[in-house]
**Student:** 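Below is a structure I'd like to ask you about.
Residue numbers start from 1 in every chain, and the chains themselves are labelled A, B, ... in the order their sequence lines are given, proteins ahead of strands.
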Amino acid sequence: MYITRFKNTGECKATLKQFTLNKEERLKSRKLMDELFVSGKTLTVFPFRLVWIETKLLVDYPAQMAVSVSKRNFKHAVDRNRLKRLMREAYRKNKPGVYDTAKQLNKQYALMLIYTGRKMVDYAEVESKIIITLKKFTERCNETPA
RNA sequence: UAUGCAGGCCGUUCUAUCGCUUCAUCGCAAGGUGGGGAGGAAAGUCCGGACAACACAGGGUGCCGUACCACCUAACGGGUGGGCAGGUGGCGGGUAACUUCCACCUGACAGAUAGUGCCGCAGAGAACUAUACCGCCAUGCGCCCAUGUAUGGGUGCGAGGUAAGGGUGAAAACGCGGGGUAAGAGCCCACGGAUGUACCAGCAAUGUUGCAUCGGGUAAACCUUACGGGUUGAAAAGCCAAAUAGGUUGCAAUUGGUUACGUGUAACCAGGGGGGCGGCCCGCUCUUCAUUUGCAAUGGGUAGGCAGAUACAGGUUACAGGCGACUGUAAUCGCAGAUAAAUGAUAGAAUCCGCGCUUGCGUGGAACAGAACCCGGCUUACAGGCCUGCAUUUUUA
RNA sequence: CGGGACGUAGCGUAGCCUGGUAUCGCGCCAGCAUGGGGUGCUGGAGGUCGGAGGUUCAAAUCCUCUCGUCCCGA
């Protein structure tokens with residue numbers, strides 16, 4: 001849906017670059033993640049939980065994200081990989097809102113998406129719930145500018 | 001053609017758009033272009049190797065593992081071929097039990113005749129050749145009966161022989177038939193079985209035949225024999241190395257505490273080492289240290305990076321050797337390399353399967369399952385499909 | 001990635017090494033005692049010993065494979 005909208009505006013080539021998710025946009029630092037779990041803020045939209053923290057990143061992007069699926073809830077590696085891929089895909093397509101908010105506030109964030117459900121779901125449901133989650137996240141960021 | 005058994009192979013495909021990762025290339029850069037991107041089990045982690053670090057004269061013992069024989073292999077607990085045992089099926093033979101032959105499957109398949117242990121309950125007895133329960137057979141003594149008058153029968157007590165029969169049990173001291181005997185017993189014989197041994201055949205396991213012997217089971221109980229194993233695993237081992245803290249060294253500055261006030265000065269008190277005066281102690285005096293700060297150097301080393309780590313017991317094809325596992329030669333190919341961890345999402349079409357209506361539409365679904373140092377096996381999971389061999393049945397030629 | 005332990009009645013456990021009978025406590029059911037309940041006493045039921053295969057006359061126990069749970073190392 002985003003694709004068609006931006007195509008209509010006429011600035012196709014430049015705006016399409018928004019929907020990327022390369023190495024530098026993924027959270028990879030073990031130290032940051034430890035900090036995230038110790039002092040991060042949480043927000044839950046079933047079946048997801050978003051943990052975030054405002055911090056200084058070593059890259060230019062306004063946010064880095066990671067995904068996680070518990071081995072306890074999904075025994076097979078195939079299922080865990082599939083859920084993580086779906087979550088990454090949904091974030092990739094819906095992250096411009098997050099980036100805009102972060103740029104306006106001149107902040108950088110580390111995010112982690114955790115799947116807390118116990119059942120497999122399809123992509124449509126994952127994307128709809130991720131949109132809600134990210135919308136709530138941006139609202140919370142605007143509420144607490146300090 | 002169908003069924004069964006055995007073996008092998010495949011295990012969704014294509015297009016478009018948006019993404020991820022890696023390599024090459026172009027570019028000052030932003031980025032562009034092109035190529036590669038999960039499996040037969042990637043799984044379980046049950047074995048074996050490669051590689052690495054540490055240890056190591058040699059021998060014995062212990063511990064762990066393996067176990068018919070030969071071969072293959074880098075190696076193996078894997079594989080191939082053979083032997084033996086058991087099972088299934090088939091054509092025959094036979095009244096039947098059973099069985100020649102053929103095919104397939106299964107086998108932790110060394111040793112119980114080296115030793116120790118165990119074998120509940122039942123049973124007389126559960127292991128060095130048996131404490132005889134019922135029974136069978138003689139026999140001593142007593143009593144009773146019969147008569148042909150020295151024997152027979154019955155019965156009680158005693159002392160023997162006997163493993164044929166009954167009974168117990170999962171299992172009873174080779175099986176079975178005959179001879180033999182008082183009754184019996186491999187005591188003897190025929191057939192069969194087991195063990196040892198000799199000759200022959202075979203590389204060997206083993207087999208044929210002869211001779212000797214007849215000793216229950218259990219080694220997935222201890223054990224014996226033979227062979228093998230040094231230990232630890234990519235979190236091994238190595239290289240580069242930011243920031244911060246701390247270590248060491250050098251240089252410079254700074255003694256510490258208490259009291260007073262104007263908060264950096266003054267006064268008072270006090271420790272260790274060294275030097276000087278002095279023969280020595282005390283004492284006097286000088287200096288330094290402990291402490292803190294700054295700068296510089298340095299080694300260890302964290303985050304992170306490099307590398308280990310993807311071209312090798314490699315794949316494919318052809319030829320040759322071998323019954324086969326496999327090996328040799330030649331040609332050809334380059335076939336994932338992530339690291340909080342890529343290989344995905346959406347739309348459309350095809351293929352297959354299920355359901356509904358009904359003969360082409362609708363709808364749902366696409367087995368098991370995701371590389372993490374690599375390789376060779378084993379084991380386990382798996383929708384559906386294809387191929388080969390063997391056996392049987394039916395039909396056709 | 002590597003290493004280790006455990007699955008037994010509704011719950012918690014013993015038995016496994018050294019193979020033949022599955023133990024104990026709580027809970028459950030019935031009876032007695034009480035006007036009734038609790039407490040107490042007596043009796044009883046309830047077990048594929050996680051699953052499959054093997055060794056053995058005989059397996060919860062021994063061996064192999066497998067499923068699940070938990071723990072440890074980094």
Side-chain angles (χ1 to χ4, degrees), chain A residues 1-138 140-141:
Chain A
M1 55 186 107
Y2 276 102
I3 298 162
T4 52
R5 208 178 70 198
F6 278 110
K7 265 182 178 169
N8 291 341
T9 59
E11 42 183 357
C12 175
K13 183 114 183 174
T15 47
L16 280 179
K17 289 293 165 208
Q18 288 184 78
F19 304 106
T20 59
L21 190 62
N22 57 32
K23 265 185 173 177
E24 300 206 326
E25 292 177 78
R26 297 201 295 263
L27 182 58
K28 304 173 94 157
S29 164
R30 182 172 285 271
K31 263 172 86 178
L32 256 180
M33 270 188 254
D34 290 343
E35 208 181 319
L36 197 60
F37 283 115
V38 170
S39 56
K41 296 172 188 171
T42 314
L43 120 76
T44 305
V45 176
F46 186 82
F48 298 106
R49 169 177 297 153
L50 179 69
V51 183
W52 85 90
I53 190 171
E54 185 204 326
T55 183
K56 271 220 147 173
L57 302 177
L58 298 170
V59 295
D60 291 333
Y61 290 94
Q64 283 187 325
M65 70 88 69
V67 295
S68 174
V69 180
S70 172
K71 196 171 186 175
R72 189 175 290 271
N73 295 338
F74 293 93
K75 225 183 117 250
H76 295 295
V78 177
D79 302 331
R80 291 199 299 275
N81 280 342
R82 175 156 185 81
L83 276 170
K84 283 155 81 176
R85 283 164 182 163
L86 292 179
M87 286 158 76
R88 269 200 299 270
E89 180 73 7
Y91 174 82
R92 180 177 75 79
K93 287 191 172 171
N94 297 286
K95 68 175 186 171
V98 176
Y99 278 28
D100 291 345
T101 307
K103 276 177 189 166
Q104 279 171 20
L105 296 168
N106 202 19
K107 299 260 177 70
Q108 284 187 315
Y109 294 98
L111 313 172
M112 176 163 257
L113 264 174
I114 302 168
Y115 191 86
T116 54
R118 286 171 181 272
K119 288 180 185 170
M120 280 300 295
V121 290
D122 59 357
Y123 177 73
E125 186 164 356
V126 170
E127 183 167 26
S128 64
K129 290 291 171 63
I130 292 265
I131 289 171
I132 297 170
T133 309
L134 294 180
K135 193 177 276 179
K136 278 196 174 181
F137 169 67
T138 51
R140 289 277 290 274
C141 288

**Student:** With a 3.5 angstrom cut-off on both distances, give the Watson-Crick or G-U wobble partner of B/C76, or none if there isn't one.
**Tutor:** none
**Student:** Could you tell me whether A/K84 contacts a base, only the sugar-phosphate backbone, or nothing, with contacts defined as non-hydrogen atoms closer than 4.0 Å?
**Tutor:** nothing
**Student:** Could you tell me the Watson-Crick or G-U partner of B/C28, where both distances fall under 3.5 Å? Say none if there is no partner.
**Tutor:** none
**Student:** Can you tell me the pairing partner of B/U363 across any strand shown, Watson-Crick or G-U wobble, with both distances under 3.5 angstrom?
**Tutor:** B/G354
**Student:** What integer number of Å spans the C1' atoms of B/A183 and B/A138?
**Tutor:** 8 Å
**Student:** Can you tell me the Watson-Crick or wobble partner of B/A182, both distances under 3.5 angstrom?
**Tutor:** none
**Student:** How many Å lie between CD1 on A/I130 and P on B/U346, as a whole number?
**Tutor:** 14 Å
**Student:** Measuring only the P atom in each nucleotide, how far is B/G81 from B/A170? A whole number of Å is fine.
**Tutor:** 44 Å
**Student:** Applying side-chain contact (heavy atoms from CB on, under 4.5 Å) between A/Y109 and each of A/M65, A/E54, A/Q64, report the one that passes.
**Tutor:** A/E54
**Student:** Who is the Watson-Crick or G-U wobble partner of B/U100, with both distances under 3.5 Å?
**Tutor:** none
**Student:** In Watson-Crick or G-U wobble terms, both distances under 3.5 Å, what is the partner of C/G46?
**Tutor:** none
**Student:** Counting only Watson-Crick pairs (N1-N3 plus N6-O4 or O6-N4) and G-U wobbles (N1-O2, O6-N3), all under 3.5 Å, who is the partner of B/U224?
**Tutor:** B/A110
**Student:** Starting from the 5' end of RNA chain B, give me the residue, A/R92 or A/V67, whose nearest nucleotide shows up first.
**Tutor:** A/R92
**Student:** Ignoring hydrogens and angles, are the base of B/G344 and the side chain of A/E89 linked by a donor-acceptor pair under 3.5 Å?
**Tutor:** yes
**Student:** Taking C/G12 as the reference, what is the distance to C/G47 when you measure between their C1' atoms (whole Å, please)?
**Tutor:** 16 Å
**Student:** Closest-nucleotide mapping onto RNA chain B: is A/E24 or A/L27 further toward the 5' terminus? I mean the 5' end.
**Tutor:** A/E24
**Student:** Measure CG/A/L86 against P/B/G19 and give the value in whole Å, please.
**Tutor:** 18 Å
**Student:** Can you tell me how far P of B/A340 sits from CD of A/E25, to the nearest Å?
**Tutor:** 17 Å
**Student:** CD of A/E125 versus P of B/A345: gap in Å, rounded?
**Tutor:** 16 Å
**Student:** Whole angstrom is fine here: how far is it from CG in A/N22 over to C1' in B/G344?
**Tutor:** 15 Å
**Student:** Counting only N and O atoms by type, is there a donor-acceptor contact under 3.5 Å from the side chain of A/R92 to the main-chain atoms of A/F19?
**Tutor:** yes
**Student:** Rounded at 0.5 Å granularity, tell me how far CG in A/L27 sits from CD1 in A/I53.
**Tutor:** 10.5 Å
**Student:** Counting any heavy atom closer than 4.0 Å, what does A/R80 reach on the DNA or RNA strands: base, sugar-phosphate only, or nothing?
**Tutor:** nothing
**Student:** Once you round it to whole Å, what is the distance between C1' of B/G19 and OH of A/Y91?
**Tutor:** 14 Å
**Student:** B/C312 and B/A52: how far apart are their P atoms, nearest whole angstrom?
**Tutor:** 13 Å
**Student:** Rounded to the nearest angstrom, tell me the gap between atom CZ in A/R26 and atom P in B/U21.
**Tutor:** 5 Å
**Student:** In the structure shown, which nucleotide is the Watson-Crick or G-U wobble counterpart of C/C65, with both distances under 3.5 Å?
**Tutor:** C/G51
**Student:** Describe, in one word, how the ring planes of A/Y99 and A/Y61 are oriented to each other, choosing from parallel (under 30°), tilted (30 to 60°) and perpendicular (over 60°).
**Tutor:** tilted
